[in-house]
Protein chains: 2
Amino acid sequence: MPTRGNLPEALVQAGIALLDEDGTEALSLRRIAARAGVSHAAPAHHFGGLPGLKTAMAIRGFQQFQQHLMAARDAVPADAPPFQRLSTVADAYVRFAGMRTGLFQLMFDQLAASDPDLLHTALGSYLLIKELCAPFVDGRPAVAVETAVWSLTHGYAALNLDRPRPSDTQVATSALVDALRLIID
Amino acid sequence: MPTRGNLPEALVQAGIALLDEDGTEALSLRRIAARAGVSHAAPAHHFGGLPGLKTAMAIRGFQQFQQHLMAARDAVPADAPPFQRLSTVADAYVRFAGMRTGLFQLMFDQLAASDPDLLHTALGSYLLIKELCAPFVDGRPAVAVETAVWSLTHGYAALNLDRPRPSDTQVATSALVDALRLIID
DNA sequence: CCCAGAGGGTTTACAATGTCAAGATAAGAT
DNA sequence: ATCTTATCTTGACATTGTAAACCCTCTGGG
């Protein structure tokens with residue numbers, strides 16, 4: 001379905017779908033274009049080239065990422081202890097990386113390219129982590145706690161990318177929760 | 001200098017040099033072969049193809065990585081507190097990632113491919129971290145502490161890949177050291 | 001002495017990729 | 001009605017990884 005009238009949107013969706021289904025190495029400009037039902041040169045007109053399309057996909061990825069984390073945060077009861085909320089979101093972080101490996105890698109690859117729009121979108125996820133860390137900054141500088149939590153979670157996710165996690169068990173990331181506890185209190 | 005008589009070695013060296021000088025996107029089988037002074041089909045004879053050559057490069061990368069970490073460890077005085085030794089090596093970890101970004105990315109990309117030789121080589125670096133963590137496992141399970149330190153350090157390195165660090169200042173990674181302290185004691 | 005075979009490299013060919021230039025097509029504006 | 005502009009296609013090109021066929025050069029057995 002070519003989705004005429006909104007080709008950029010269709011291309012981003014096709015690219016992410018291709019990434020989810022066939023992995024990073026199967027991603028190519030021509031395949032994305034074919035999937036969106038247009039010629040291989042069409043993407044250049046909207047994104048300049050493959051790099052541009054990839055950053056657009058990364059931006060969309062960070063939006064979905066933040067949405068995923070927020071859903072996890074909102075799923076924990078309002079009267080639950082703050083640490084449970086933090087660890088649940090961290091678990092969601094790792095789970096996202098495990099379930100959507102290709103997109104996750106693309107996101108943080110492109111992040112190094114320092115596109116302003118991309119950075120702005122990624123900031124949203126950071127602010128979410130920041131908010132969850134707030135209850136745990138006692139006298140310490142907030143940035144230190146946030147960096148610790150963010151780095152720990154991201155490192156855990158990155159190092160376990162080869163082991164995709166099932167979507168039902170919480171046990172998989174218990175080591176991460178333990179490590180978070182070490183940092184927090 | 002074609003380095004006749006040991007082409008596999010020459011190819012790995014050429015590939016890593018290309019990675020260090022021109023970055024990930026400039027890495028190609030044909031360029032590596034040209035740099036080693038052979039035809040573009042020669043690598044296939046020894047490594048089967050580009051994937052094989054890349055895992056060989058990743059193995060060499062982990063060897064250099066471990067060597068880099070060990071050098072940092074041995075540079076701190078023998079009577080220094082264990083935490084200083086740990087934080088110094090963690091600093092070296094981040095510095096390696098910042099200075100040799102392309103190789104670092106390749107290493108952990110290929111790690112997901114689960115090549116036995118590569119895993120065995122990478123294990124050496126893990127054992128080094130493990131050894132440095134030993135003084136800090138009080139009653140806690142050792143694996144938890146190691147995973148925490150390793151994940152935190154790796155995450156910090158990965159998230160700061162775009163900001164290459166100067167080789168002289170220790171200040172850059174003070175946030176990491178603070179976070180490590182949070183974990184350790 | 002010679003020559004058969006094998007390992008190491010080259011040459012050639014091929015399909016796939018990203019990018020660019022030129023053209024086609026349709027919708028609006030003047 | 002004609003011009004313009006955005007959108008997309010077509011065609012071409014250089015570069016890439018891979019595979020097959022060929023060619024050297026050395027070594028070991030007769």
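As the structure is a prediction and not an experimental result, all values here were calculated from the model.
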Rounded interatomic separation in angstrom, taking [atom1] from [X] and [atom2] from [N]:
X: His40(B); N: dG17(D); atom1: NE2; atom2: C1'; result: 9 Å
X: Lys54(B); N: dT16(D); atom1: NZ; atom2: C1'; result: 12 Å
X: His45(A); N: dT10(D); atom1: NE2; atom2: P; result: 14 Å
X: Leu29(A); N: dC20(C); atom1: CG; atom2: P; result: 11 Å
X: Leu18(B); N: dT16(D); atom1: CG; atom2: C1'; result: 14 Å
X: Leu7(B); N: dT10(C); atom1: CG; atom2: C1'; result: 12 Å
X: Phe47(A); N: dG18(C); atom1: CZ; atom2: C1'; result: 16 Å
X: Leu50(B); N: dA16(C); atom1: CG; atom2: P; result: 18 Å

Is [X] salt-bridged to [Y], going by a charged N under 4.0 Å from an acidic O?
X: Glu146(B); Y: Arg140(B); value: no
X: Arg35(A); Y: Glu21(A); value: yes
X: Glu131(B); Y: Arg85(B); value: no

Exercise. Taking for each residue the nucleotide of DNA chain C bearing the nearest heavy atom, is the 5' side occupied by Ala41(B) or by Arg30(A)?
Worked result: Ala41(B)
Exercise. Taking OP1 and OP2 of dG9(C), is either one under 4.0 Å from a side-chain nitrogen or oxygen of His46(B)?
Worked result: yes
Exercise. Has Ser28(A) got a side-chain N or O lying under 4.0 Å from the OP1 or OP2 atom of dT17(C)?
Worked result: yes
For this session: Please work out if Pro43(A) contacts a base, only the sugar-phosphate, or nothing of the nucleic acid, heavy-atom cut-off 4.0 Å.
Result: nothing
For this session: May I ask whether Val177(A) and Leu152(A) are part of the same hydrophobic cluster, defined by side-chain heavy atoms of I, L, V, M, F, W, Y residues being less than 4.5 angstrom apart, directly or through others?
Result: yes
For this session: Identify which nucleotide among dT10(C), dT9(D), dT17(C) has an atom closest to any side-chain atom of Arg31(A), counting heavy atoms from C-beta outward.
Result: dT17(C)
